[in-house]
Amino acid sequence: MPELRFFDPSGSLEISQQHAPRLSTLAGKRIALLANGEWQSVRSLAVLKESLEQDFPGIDVLPPEHFPEGNAVLSEPATLERLRKAEVDAVIIGNAA
């Protein structure tokens with residue numbers, strides 16, 4: 001019988017920074033949606049906002065219109081300061097290209 005081996009073509013990455021701790025629940029939390037400006041991000045984030053509000057009682061979802069849009073501004077100090085002032089519990093950035 002032949003032996004088959006599979007290799008992951010994506011390679012591996014060294015983890016240099018852990019992700020932020022995950023929230024135990026989204027119920028009652030304030031979530032910011034940031035649009036990275038990629039394909040249809042504003043449309044898909046609107047659907048995500050609606051779904052989150054239906055699925056999690058008391059959630060407060062700030063739409064992407066409250067924040068600057070685009071990959072270039074996501075980590076800018078001004079964007080981070082707006083997030084701090086909005087007192088969000090989590091941020092969702094969308095979407096992938």
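The salt bridge (charged side-chain N to carboxylate O under 4.0 Å, His left out) pairs that include a residue from residues 26-36 are R30-D60, where partners are two or more places apart or lie in different chains.
Taking each heavy atom of F56 and A27 in turn, the nearest pair found is CD2-N, 4.0 Å. Annotation for L23 and A90: closest pair CD1-CB, 3.8 Å, computed over non-hydrogen atoms.
Note that CD of E53 is 12.0 Å distant from CG of L26, once rounded to the nearest 0.5 Å. Separation of atoms CG (N71) and OG (S41) is listed at 9.0 Å; rounding is to 0.5 Å. Separation of atoms CD1 (I31) and CG (L62) is listed at 9.0 Å; rounding is to 0.5 Å. Going from atom CZ of R82 over to atom CD of E76 covers 13.0 Å, rounded to the nearest 0.5 Å.
When atom types are taken as modelled, the side chain of T79 and the backbone of L74 share no donor-acceptor pair closer than 3.5 angstrom.
Counting heavy-atom neighbours within 6.0 Å of E81 CD, excluding the residue itself, gives a total above 12.
Residues L45 and P64 are in side-chain contact: their nearest non-hydrogen atoms beyond the backbone lie under 4.5 Å apart. Proximity of I92 to L52: side-chain heavy atoms (C-beta onward) are separated by under 4.5 Å at one or more points. In this structure, the side chains of L34 and L83 come closer than 4.5 Å at one or more pairs of heavy atoms. With a 4.5 Å cut-off on side-chain heavy atoms, R84 and L80 count as touching.
Hydrophobic clustering of Ile, Leu, Val, Met, Phe, Trp and Tyr side chains at less than 4.5 Å, counting indirect connections, unites I93 with V88.
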